[in-house]
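All values below come from the heavy atoms of this structure, side chains included, with hydrogens, waters and symmetry mates left out. Everything numeric here is computed off the predicted structure, so don't read it as measured data.
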Amino acid sequence: MKILVANVGSTSYKCRLIEMDSETDLAKGGVEKVGSENAIISYSKGKTEIIKDSVKPVMSHKEAVQSIMNYLTDEKTGVIKNINEIDGVGFKTIQAGEKNGSVLLTKDVTDAMESYSALAPAHNPPYLKCIYYFKEIMPDTPLVGVFEPGFHTEIPEYARIFGVPYEWYEKYQVKKYGYHGASFRYVTGEVSKILNSDIRSIKMIICHLGGSSSICAFKDGKSIDVSMSFTPQSGLLQSARLGDIDPFVFPYIMEKKGITLDEALKEASSNGGLYGISGAGKDMREIWDAADNGNSRAKLAIDKFVYDIVRYIGSYYVLLGGLDVLAFSGGIGLNDTRLRKMVIDNVKFLGINIDDIKNGERSEGIKTKPDSKIKVIALNTNEEIVVARETVKVVGG
């Protein structure tokens, strides 16, 4: 079975065509800077790079999809004769309210995505453009949405609900949804394999740390809580997102600066987070460079990020009633060994005996000594294979 996995951003389109019998990549491609005269196109056939950073006009997501489809079916660069050889298309979708899960993208589901676009304004609209185009060019091929909150649907109601008027919860579904579901699904599955243990027997905290970050508490084979809440703006401090904040900051700052709510939200979401505190950049490597050169704001941003991570780990440790595995994934979680050590040093009293040599390596694997009560494991997440696997499940009924 051949599954195409589509990952859509506000100005990007990436996809992988996967042969599911062996879970190997047949081809992958992507377009950056969609909507510009200088879009950047890349395409690989198997492990062979065919097109690298080719610059040409790609003015819409529709054009981006078509450009990669052309490479997939081309006589020289292609791996299929025509698009009908694709058995299903899986989308790493973000938000559809009560329709969240791994589901066929019926009209009811796309209508729900339209309705909830305000919760994911950078994601839902471009995803919908691509989904509608795929429906045009592949009307008989199943299209599946693997929604990020789907992993968190079993979080208890008391952990989902906010202290808002009940009408907001009941009528408008204002509640915790959680995100990064594909990453958490992959990591929990891999940890189970590494430990050769039933996934339902492992108490786990997963720290997905990158440009977008969140932490999940996992017990009895399911997510019981997650740091990201109603929108991806909440929870941990993000690259440029605020994280947890008192909502009454907004009317206060609107009055002080004489700005509208939209202006305040735009300023907060583009100039907040690690970037807002540090002033040094949105990439953690830039922030570390600034801190190492004596930038006190950059150091403050790192300290705040670590504090938030430790705060959630402590909270979830109590909710889980103990811990077997502390897992790290995402670009920062896997590769930023200094930050990972800072986090571990703050929680090692729980029963972590870290192997400093292994933890100093930017590689996957167990980072603790054999006698450690809690194992620390770093993993390179693979969200696309999760989307592909879920798509196979849905297509196969």
Side-chain angles (χ1 to χ4, degrees), residues 3-15 34-35 60-66 83 86-155 157 160-162 164-182 185 226 228-234 262 265 269 383 386-388 390-397:
I3 299 295
L4 185 73
V5 176
N7 191 340
V8 187
S10 56
T11 59
S12 66
Y13 170 75
K14 298 176 184 178
C15 68
V34 174
S60 67
H61 281 87
K62 178 178 178 179
E63 289 182 31
V65 171
Q66 192 56 60
I83 58 177
I86 299 172
D87 297 294
V89 182
F91 297 85
K92 194 172 78 71
T93 39
I94 306 301
Q95 182 58 266
E98 298 307 296
K99 301 294 184 181
N100 285 327
S102 298
V103 296
L104 285 171
L105 290 167
T106 61
K107 186 177 184 303
D108 284 349
V109 177
T110 55
D111 285 350
M113 289 180 69
E114 296 274 11
S115 176
Y116 282 87
S117 285
L119 272 66
H123 297 92
N124 274 24
Y127 263 109
L128 285 162
K129 290 176 184 176
C130 289
I131 290 165
Y132 293 146
Y133 183 56
F134 271 101
K135 285 179 178 286
E136 284 181 32
I137 63 174
M138 303 171 70
D140 299 322
T141 302
L143 307 184
V144 175
V146 182
F147 288 89
E148 294 282 28
F151 185 73
H152 306 293
T153 54
E154 293 185 85
I155 288 176
E157 187 176 23
R160 285 191 176 280
I161 196 166
F162 303 130
V164 296
Y166 196 76
E167 181 197 22
W168 296 11
Y169 171 70
E170 190 174 43
K171 187 175 181 180
Y172 302 107
Q173 283 75 54
V174 174
K175 60 185 177 181
K176 175 177 285 192
Y177 287 102
Y179 298 88
H180 291 133
R185 192 182 299 275
V226 63
M228 270 189 180
S229 192
F230 184 58
T231 75
Q233 296 282 349
S234 55
D262 284 345
L265 291 171
S269 60
E383 295 171 302
V386 168
V387 173
E390 291 295 298
T391 299
V392 169
K393 290 180 185 178
V394 174
V395 169

Lys14 NZ: over 12 foreign heavy atoms closer than 6.0 Å: no
Check: Phe151 and Val226 side chains under 4.5 Å, non-hydrogen atoms: no
Beyond-backbone contact of Val5 with Thr391, side-chain heavy atoms, under 4.5 angstrom: no
Cationic N near anionic O, under 4.0 Å, Glu98 to Lys175: yes
Lys/Arg N to Asp/Glu carboxylate O, Glu390 vs Lys393, below 4.0 Å: yes
Shortest non-hydrogen separation from Met113 to Ala96 and the atoms involved: CG-CB, 4.0 Å
Minimum side-chain heavy-atom gap Phe230-Phe162 below 4.5 Å: yes
Nearest non-hydrogen partners of Val34 and Ala64, listed with the distance: CG2-CB, 4.0 Å
Contact check, side chains of Glu383 and Glu148, non-hydrogen atoms, under 4.5 Å: yes
Side chains of Leu128 and Ser117 in contact at under 4.5 Å (non-hydrogen atoms): yes
Distance, nearest 0.5 Å, that separates CD1 of Ile94 from CG of Leu119: 11.5 Å
Asn124 side chain vs Pro121 backbone, donor-acceptor pair below 3.5 Å: no
Test item: Tyr116 and Lys99 side chains (from C-beta on) under 4.5 Å apart, heavy atoms: no
Sidechain-backbone polar pair: Thr141 side chain, Gly88 backbone, donor-acceptor under 3.5 Å: no
Atom of Pro142, atom of Val395 and distance for their closest heavy-atom approach: CB-CG2, 3.8 Å
Atom pair NZ (Lys92) and CZ (Phe147), whose distance is rounded to the nearest 0.5 Å: 12.0 Å
Thr231 to Ser234 - nearest heavy-atom pair and separation: O-OG, 2.7 Å
Side chain proximity check, Val144 to Leu104, heavy atoms < 4.5 angstrom: yes
Set of residues satisfying ring-ring contact (aromatic ring centres under 6.0 Å, His included) with respect to Tyr169, sequence neighbours excluded: Tyr166
Nearest-0.5 Å distance, CG of residue Leu143 to CD1 of residue Ile131: 7.5 Å
Qualifying residues under ring-ring contact (aromatic ring centres under 6.0 Å, His included), relative to Phe91, sequence neighbours excluded: Phe134
Nearest heavy-atom neighbours spanning Gly90 and Val387: C-CG1, 3.7 Å
Spacing of Asn100 atom CG and His152 atom NE2 [to the nearest 0.5 Å]: 10.0 Å
Separation between OG of Ser102 and CZ of Arg185, rounded to the nearest 0.5 Å: 5.5 Å
Separation between CD1 of Ile155 and CZ of Arg160, rounded to the nearest 0.5 Å: 5.0 Å
Considering all heavy atoms, the nearest Ala182-Val386 contact: O-CG2, 3.5 Å
Side-chain H-bond candidate by donor/acceptor type, Tyr179 with Gln95, under 3.5 Å: yes
Single hit among His61, Gln66, Glu63, Lys62 for side-chain hydrogen bond (donor to acceptor under 3.5 Å, both in side chains) with Tyr133: Gln66
Any side-chain heavy-atom pair of Ser269 and Gln233 under 4.5 Å: yes
